[in-house]
Amino acid sequence: MGGNLGCHRSIPKDPTDFSCGKRKFSAACNFGHILVNQERLNINTATEEELMTLPGVNRSVAQNIVEYRDCIGGFKKVEDLALVSGIGATKLEAIKLEICVSSRTSSSQHSPSSLRKDLEHQSCTGININTATAAQLMSIRGITEKIAKNVVIYREEHGPFKGIEDLVRVNHINSSLLDKIRFQVFVERSRAPSPSTNRGLANSTKSHPSPTSLSIGSDDLDLPPGGPTQMISVRPNVEPPPGLRDGKSVVRLATWSLDGCSCDKANNPGVKEVVCMTLLENDIKLLAVQDLLEREALDKFCMELNQGTLANVRKWKWPRGLWKSVVSEKPTGFSNKILCSQGVSYSGFLWDSSSGIDLRNTVLLESPAVDRNSTSSPLYLANFFVGSYKLTLVNIHIPATASPVPSNGNNHITGDAKCQHLSHSIQEMLKVEKDLVVLGDFGTSPQSSEWDMLRKEKLCALVLSNEFTNITTRSPQGTHCLDNIWVSRSLKKTFSGHCKIVRQGLTNPWIPDNWSWGGVASDHCPVVAEFYTDVFSKGLNKPGMAVVDRDDIIPKHER
């Protein structure tokens, strides 16, 4: 078996030595089948054991692949595998020549759990009518597009089918058609969705793992196949504004604390959809982001906006734009979500460059240490051109609760010292910058005396103290005002008077919510403000595109 045969399996000389070479083989695998299989591994049909033969893929990652595959209805291309938690671009590069996404079955092997299901359902080689999408149902001979849609509608209205015979209750399916398709389908029941407002699953005594971070043995759990696959994500019915207000061109900028956003969280299809669709539906062109646990997390949303792999993003009928992102090189705060070694977090910006927005530069505003045992997290400043206007944004993150103590034992900066740093930085900026925006997670109400120094510098808060900016599934209207946008006196003249807190469309069936599904993407709401601009002053024909007349060359710092 020596030499390079172009086979997707590289077998160690001694099959009992599972640590030899690149691959790790499950004891459940049948080596006889592996040795004769010379094809690439089809990631759309491979079982967990087969996926575990790929280098670097353990049981947990294999489960993540299967869960994500079920969620999106199958991989469209090999590169989509990089979106799965535990894979990423580096690991994909090592295995991409050994995998494919063709419809051809790669092996006849099954995991122990699937073997048990085969004994229970002799027709399990077909389509599960309780989880199949309309497109998957149309692959059944005799099922038209209209009938497939009727099946999905019936399932949503009446719950999962109890048996194949129940199909005759669907419009345009009679006993004759049922006889033709019965050997192409099977029924595997899953939990019905809860009638609660967050569209989560009914309360259960077992926890439901996230579809992108499953790390426990699924053989021991009675979980819905692939998570809540039959729970459709419903987005708000919106008509995006035309980019005009009172006949004048406007641009919307926003701030959003993403509540401890790691790469795993950003890869969750529900979180990704909520973030991307919220930007599109609310016509947000420039977003300041806080509380990123990993700098690469913001790239996940940027890629989705540009490539459109999720169904609702793909179906967006208006231009999605051309998005870019930039993230601070150093931590800018401490996260309440202690999911990384030191609990630090980063800030960043995400913007649509096709809307006439260009990044000029970014700066970390670091303050002198208050004392030798105390250091302040830097503020993240970015200079943008919006049309011909120069706009300076200061991205701030001050968690409302006590932050964790860094692992080096130093006490982190106090609130008073942080405000002194902010006050000093703003005073210096106002000397040279005219249009200044201070935005982010302030951790307290604008009425707090901590922000008197902002009022002293003639900055104005756009969100009032009685407007709440947090959200949970149990308190959709919020309880605190934590986030805000403060603008300088000169910029107040270009403020259109429209500022809002987005609350619609922030939940998704694929986001875990304690013991259920249907949680929020973040416990902070996006705060949006609208400003007049000259981005569209050239008279454009297509929405989402911009022409800007500037002679200077702007250096790019986006990642």
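Numbers here simply count residues along the sequence, with the first being 1.
When all heavy atoms are compared, the tightest approach of Arg69 to Ala46 is NH1-O, 3.0 Å. Glu273 and Asn312 get closest at one heavy-atom pair: OE1-ND2, 3.1 Å. For the residue pair Asp513 and Gly518, the shortest heavy atom distance occurs at CB-C, 4.1 Å. The nearest pair of heavy atoms linking Asn44 to Phe75 is OD1-N, 2.7 Å.
A donor-acceptor contact shorter than 3.5 Å is absent between the side chain of Asn268 and the backbone of Lys265. For Trp256 (side chain) and Leu258 (main-chain N/O), no donor-acceptor pair under 3.5 Å exists by modelled atom type. Side-chain N or O atoms of Lys272 include none that pairs as donor or acceptor with a backbone N or O of Leu310 at under 3.5 Å.
In this structure, Asp283 does not pair ionically with Arg252, as no charged nitrogen and carboxylate oxygen lie closer than 4.0 Å. Ion pairing of Lys300 with Glu294 is absent here, as no side-chain N (NZ or NE/NH1/NH2) approaches a carboxylate O to less than 4.0 Å.
Under the ring pair (Phe, Tyr, Trp, His ring centres under 6.0 Å) criterion, Phe301 pairs with no residue at all, not counting sequence neighbours. Take Trp323 and apply the ring pair (Phe, Tyr, Trp, His ring centres under 6.0 Å) test, not counting sequence neighbours, and it matches no residue.
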*Full working for side-chain contact (heavy atoms from CB on, under 4.5 Å) between Leu81 and Ile65*: CA-CA 8 Å; Leu81 193 63; Ile65 295 173; 3.9 Å; yes
*Run the numbers on Lys149 and Glu145 for salt bridge (Lys or Arg N to Asp or Glu O under 4.0 Å), then give the verdict.*
CA-CA 6 Å; Lys149 290 181 179 178; Glu145 181 179 2; 3.3 Å; yes
*Show the numbers, then the answer: is there a side-chain contact (heavy atoms from CB on, under 4.5 Å) between Val61 and Asn58?*
CA-CA 5 Å; Val61 175; Asn58 56 22; 3.2 Å; yes
*What's the verdict on side-chain contact (heavy atoms from CB on, under 4.5 Å) for Met277 and Asn508, showing C-alpha distance, side-chain angles and the deciding distance?*
CA-CA 11 Å; Met277 292 305 298; Asn508 187 280; over 6 Å; no
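Here the side chains of Asn395 and Leu381 are not in contact, with every heavy-atom distance at 4.5 Å or above. Within the 4.5 Å cutoff, no side-chain heavy atoms of Asp352 are placed close to those of Leu305. Looking at heavy atoms from C-beta onward, Ile43 lies in side-chain contact with Val101 at the 4.5 angstrom threshold. Using a 4.5 Å heavy-atom cutoff, the side chains of Ser328 and Leu364 are in contact. Under the 4.5 Å side-chain criterion, counting only non-hydrogen atoms from C-beta, Ile127 is in contact with Ile140.
Here Phe349 and Tyr380 bring their ring centres to under 6.0 angstrom of each other.
At most 12 non-hydrogen atoms from other residues, nucleotides or ligands lie less than 6.0 angstrom from CD of Gln504. Counted within 6.0 Å of CZ on Arg141, heavy atoms from surrounding residues, nucleotides or ligands total 12 or fewer; the atom is thus considered open.
Neither side chain, Ser257 nor His397, offers a donor N or O lying under 3.5 Å from an acceptor on the other. Using modelled atom types, one finds a donor on one side chain and an acceptor on the other under 3.5 Å when comparing Ser325 with Asp299. For the residue pair Asp483 and Thr255, no side-chain donor N or O sits within less than 3.5 Å of a side-chain acceptor on the partner. Using modelled atom types, one finds no donor on one side chain facing an acceptor on the other under 3.5 Å when comparing Gln290 with Asp441. Checking Ser85 against Asn267 by side-chain atom types alone, no donor-acceptor pair falls below 3.5 Å.
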Determine all donor-acceptor pairs shorter than 3.5 Å in which one atom belongs to a side chain in residues 87-95; sequence neighbours excluded.
from	atom 1	to	atom 2	distance (Å)
Lys91	NZ	Gly56	O	3.0
Lys91	NZ	Gly86	O	3.0
Glu93	OE1	Lys96	NZ	3.3

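Note on ring orientation: taking the six-membered ring where Trp is involved, the planes of Tyr154 and Phe161 are parallel (angle under 30°, cut-offs 30° and 60°).
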